[in-house]
Amino acid sequence: MLRWVQRLVVGAIILLLLGTAAVYGVLSLSLPTLDGRGSSDAIESTVTIKRDALGQAIIDAQSMNDAAYGLGFAHGQDRFFQMDLLRRNSAGELSELFGEAALELDKKMRFHQLRQRSERILAQLSQSQQGLLNSYSRGVNEALLAQSIKSFEYLLTGAEVRPWRPEDSLLVIYSMYLDLQAGNFERDMVLEQIEQLYSRQMREFLTQPSPYQSALDGSEISLKEMAIPFLSPAKLTAAVPEIIAAREVGSNNWAVSGELTGSGQPMVADDMHLGLAVPIIWYRAQLNIAEHRVTGVSLPGAPAIVVGSNDQIAWGFTNAYVDTSDWIRLDADAKVVTVQEAIAIAGGKSHEYRFLMSDYGPVQEVNGQRYALSWVGHYDYAVNLDLAELATAGSVIEAFQIADNAGMPVQNLMVVDKQGQIGWQPMGAIAARTNPSDVAIAAEEFQAEWFSNEPQRPRVINPSSGRLWSANARVISTQEHTRLGDGGYALGARQQQIRDRLFAQQTFDEQAFLSLQLDNEARFLAKWQALLVATLKEQDSTQNLPLVEQWQGCACADSVGYTLVRYFRSAVMDTLFADIESSLATHQLSLGPIKRNLEPATWQLLDNPSVWGFADKQQLLSKSFNLALARLRAKYGEDTATWRWGNVNAMELKHPFAKQIPQLGSWLNMPKVEGFGDSFMPAVQRPDFGASQRFIAQPGRLEQAIMAIPGGQSAHPLSTFYRAGYAQYATHQATPLLPGTAEHRLEIRPAR
């Protein structure tokens, strides 16, 4: 009997090993071919695609179109499923892959009709840009045809691999629009409803100007203490819902002139803050086009280097947060038409989606009122490929000329050149209308200038201080702010800290810039720490007081005190604004999009809590701290050792399949790393959000330039490039911008 049991166990093990080997073998067949020769009738001259130890793609070509073909081929080999998700996301076509679980998201995206807009815009692009997209698409599709078997994502989902089309690249750009600007129109709707449910006074009280101001010209919006609007104590809710703050999608960048570097060359730094997942959003690439060489990161799905250097200029971006949308309040007799679309669902089913369209844009109904959305993403100037022209720009001025008409989500372009100039200017689509509004406007206030891209761009070039900075807060003057509006600016503490660091030092090199990117000093939270210390002393707390007093003043991994301060601040805000949050929730809205802007109102209420029915300030603060403790215990248990910030804020980059099937996590996810940053400091980092790249460069000195990204080049888990570079990023190493020695070489010759 024992012998039979042993045989069964051995047999089961053998079957398991054979099954594992079979799966491994099938998946191995889907790995792309990185070496050899091929041919294509889509190119004019030979295109070579090499890869170094990190998997960075090095494209050698004789023309921009041939380089686009090579980049498309590399993207198609390494990241096609990611590209597929990006185009499906903005087009509202994810249900075809993931079933009804994605239906609500698809309906949200179909509201904007971005596939139809992409097709229309493609037809209006210049012949050169259409040619670029056609060459890129041919490269992507020929990479797919060269695979002997579909990539593992399609094997697991059983989905069809659809060819790449030129308009799909525009949809990828639209995915970035939605990531960077959806918060603008969500914020405006929240403010509109606050005004409708409460009053204009309440809306203005909740959005007072930030005390953390650091515009490039030094101008400040005047701060004045506003009267606290009355909130009936009878309305105050006993429940305290958690207000989930909207992600501050954006970035840091700054530049200094050659007078402030040891080399005499200007230097720029850039770290774009986005969602972090597997695969990472960016793809390292170098394009060698005849006499031009440009190195940086590209966005899979688009034929351009997004951030990088061509050795004549170096540039980076942060989200500009000027106002790019308005809601138009429609009268009951306003002309609207019903739009009906079929959304395909996996398994052969479909869903008929209906919504209203007006002359101003798609229509949403909230609290019985119809609103039309006018957003730059709905206009033909929203998207083009001018960004790709930065690859051959030779100066700051040339970069500015490209920036004037670029169709992309509006960004703060920070650029330096080899001649010694440094400059800043908004780059991307801005409506030329002159009446931006935080709340809905009447139909008669809508301006025809919405149909035109803003021609007058503010800019700063070669400031006398030799320093420029931006970090998603206002950098434009107060006069320009009135014209361009507020699209959800950051509170400004992070930007102010960067500015102060730049003025505290007189000489910089790449390592100094990297140290600033990793600066996790908690300057912003210092007054909250002092308030919590005072609160705990009143409670005569012996357990938590020492932890808070010894918090280290930074988002440091071993600090429990930092975690307590962070949770305390959030709980205080949740408690103070619970009634408003509950009212908004009845309309499927939240204070989340403006939570970071509640800081001035919060401190004013803490000085006058009785106005809103809180009889005792100490009781309010104690209740808030107890709420913070309850939330920590619910998430991390009773042991305060597990409340270390490094554990609470651990960086976890997960593959979307592993989120649905956790058993795949050890195979697909990146290793978990202790948290080291937070939200209101230069080192922005949350569990699945943070610096999607770290870039530092001086034109003419690119051998010292840095480009680190939190993940590998390939999306294939069996590729040697799947995790390549992640360890360097996670341990804050200065990964080089320029590629190393080529380890693979694929040559594609013209078929004719």
Side-chain angles (χ1 to χ4, degrees), residues 56-59 64 67-68 70-72 74-75 78-79 82-83 86-87 90 129 132-133 136 168-181 249-253 268-276 279-287 289 292-311 313-320 382-393 399 402-403 406-416 425-429 470 691-697 702 705-711 713 737-739:
Q56 179 162 354
I58 308 156
I59 316 293
M64 187 69 80
L71 185 61
H75 284 168
D78 291 332
R79 300 284 192 89
Q82 176 189 17
M83 296 161 57
L86 287 172
R87 66 176 171 178
S90 55
Q129 293 196 5
L132 201 66
L133 288 171
Y136 179 83
D168 291 339
S169 291
L170 305 186
L171 283 169
V172 166
I173 297 172
Y174 269 126
S175 264
M176 293 304 296
Y177 258 105
L178 292 162
D179 203 17
L180 296 169
Q181 292 187 2
V249 178
S251 313
N252 301 326
N253 65 19
V268 66
D270 185 81
D271 52 290
M272 297 183 283
H273 307 151
L274 296 164
L276 302 181
I280 194 63
I281 191 167
W282 304 117
Y283 184 87
R284 299 172 66 105
Q286 181 179 84
L287 307 182
I289 312 164
H292 296 288
R293 178 186 75 169
V294 58
T295 314
V297 290
S298 59
L299 175 64
I305 297 298
V306 178
V307 165
S309 176
N310 62 13
D311 218 18
I313 67 169
W315 73 92
F317 295 114
T318 69
N319 202 25
V383 179
N384 59 41
L385 292 185
D386 288 8
L387 171 64
E389 297 176 20
L390 288 179
T392 57
I402 294 167
M408 55 184 276
V410 60
Q411 302 287 292
N412 291 304
L413 168 66
M414 196 71 68
V415 58
V416 302
Q425 176 181 314
M427 179 173 181
S470 78
S692 61
Q693 45 71 247
R694 300 191 189 109
F695 171 61
I696 301 166
L702 295 188
I706 295 169
M707 179 67 81
I709 63 174
Q713 287 281 93
L737 166 72
L738 296 180

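- Between I313 atom CD1 and T392 atom OG1 the span is 8.5 Å, to the nearest 0.5 Å.
- Across every non-hydrogen atom of Y177 and M408, the tightest pair is OH-O, 3.0 Å.
- Closest non-hydrogen pair, M272 versus S251, comes out as CA-OG, 2.9 Å.
- Counting heavy atoms from C-beta outward, L387 and M427 have side chains that approach closer than 4.5 Å.
- A heavy-atom distance below 4.5 Å is not found between the side chains of R293 and N310.
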Evaluate the criterion side-chain contact (heavy atoms from CB on, under 4.5 Å) for residue pair D168 and Y136; output intermediate values, then yes/no.
CA-CA 11 Å; D168 291 339; Y136 179 83; over 6 Å; no
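- Put simply, the side chain of W315 gets close to the backbone of V306: a donor and an acceptor are under 3.5 Å apart.
- Side-chain contact between E389 and M64 is absent, with no heavy atoms from C-beta onward closer than 4.5 Å.
- A distance of 4.5 Å separates CD1 in I402 from CG in L390, rounded to the nearest 0.5 Å.
- Nearest heavy-atom pair, A697 versus L702, reported as atom, atom and distance to 0.1 Å: CB-CD2, 4.1 Å.
- Side-chain contact between L180 and Q411 is present, with at least one heavy-atom pair separated by less than 4.5 Å.
- Side chains of L413 and F317 form a contact here, defined as non-hydrogen atoms less than 4.5 Å apart.
- Looking at heavy atoms from C-beta onward, L385 lies in side-chain contact with I173 at the 4.5 angstrom threshold.
- Here the CD1-CG distance, from I281 to D179, works out to 6.5 Å after rounding to the nearest 0.5 Å.
- Contact between A74 and I59 at its shortest, heavy atoms only, is CB-CD1, 4.4 Å.
- Pairing each heavy atom of A399 with each of V415, the nearest pair is CB-CG2, 4.1 Å.
- We find the NE2-OG1 distance between H273 and T318 to be 9.5 Å, quoted to the nearest 0.5 Å.
- Across all non-hydrogen atoms, the minimal contact from V172 to G301 is CG2-CA, 4.0 Å.
- Side-chain atoms of L171 and L86, non-hydrogen and from C-beta on, never get closer than 4.5 Å to each other.
- Checked options Q713, R284, Q286; the residue passing with Q56 is R284 (criterion: side-chain hydrogen bond (donor to acceptor under 3.5 Å, both in side chains)).
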Checking M414 against D270 for the side-chain contact (heavy atoms from CB on, under 4.5 Å) test, could you report, in this order, the C-alpha distance in whole Å, the side-chain angles of both residues, the deciding distance, and whether it holds?
CA-CA 8 Å; M414 196 71 68; D270 185 81; 5.9 Å; no
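- Atom-to-atom distance recorded for L738:CG and T295:OG1 is 5.5 Å, nearest 0.5 angstrom.
- By the 4.5 Å heavy-atom criterion applied to side chains, F695 and L737 are counted as neighbours.
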Stepwise, does the side-chain contact (heavy atoms from CB on, under 4.5 Å) test hold for I280 with R79?
CA-CA 10 Å; I280 194 63; R79 300 284 192 89; 3.8 Å; yes
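- Separating the CG atom in L299 from the CG atom in L71 is a distance of 10.0 Å, to the nearest 0.5 Å.
- Side-chain atoms of N384 come within 3.5 Å of backbone atoms of G407 as a donor-acceptor pair (strictly under, hydrogens ignored).
- Counted by atom type alone, Q181 and N319 present zero donor-acceptor pairs between their side chains at under 3.5 Å.
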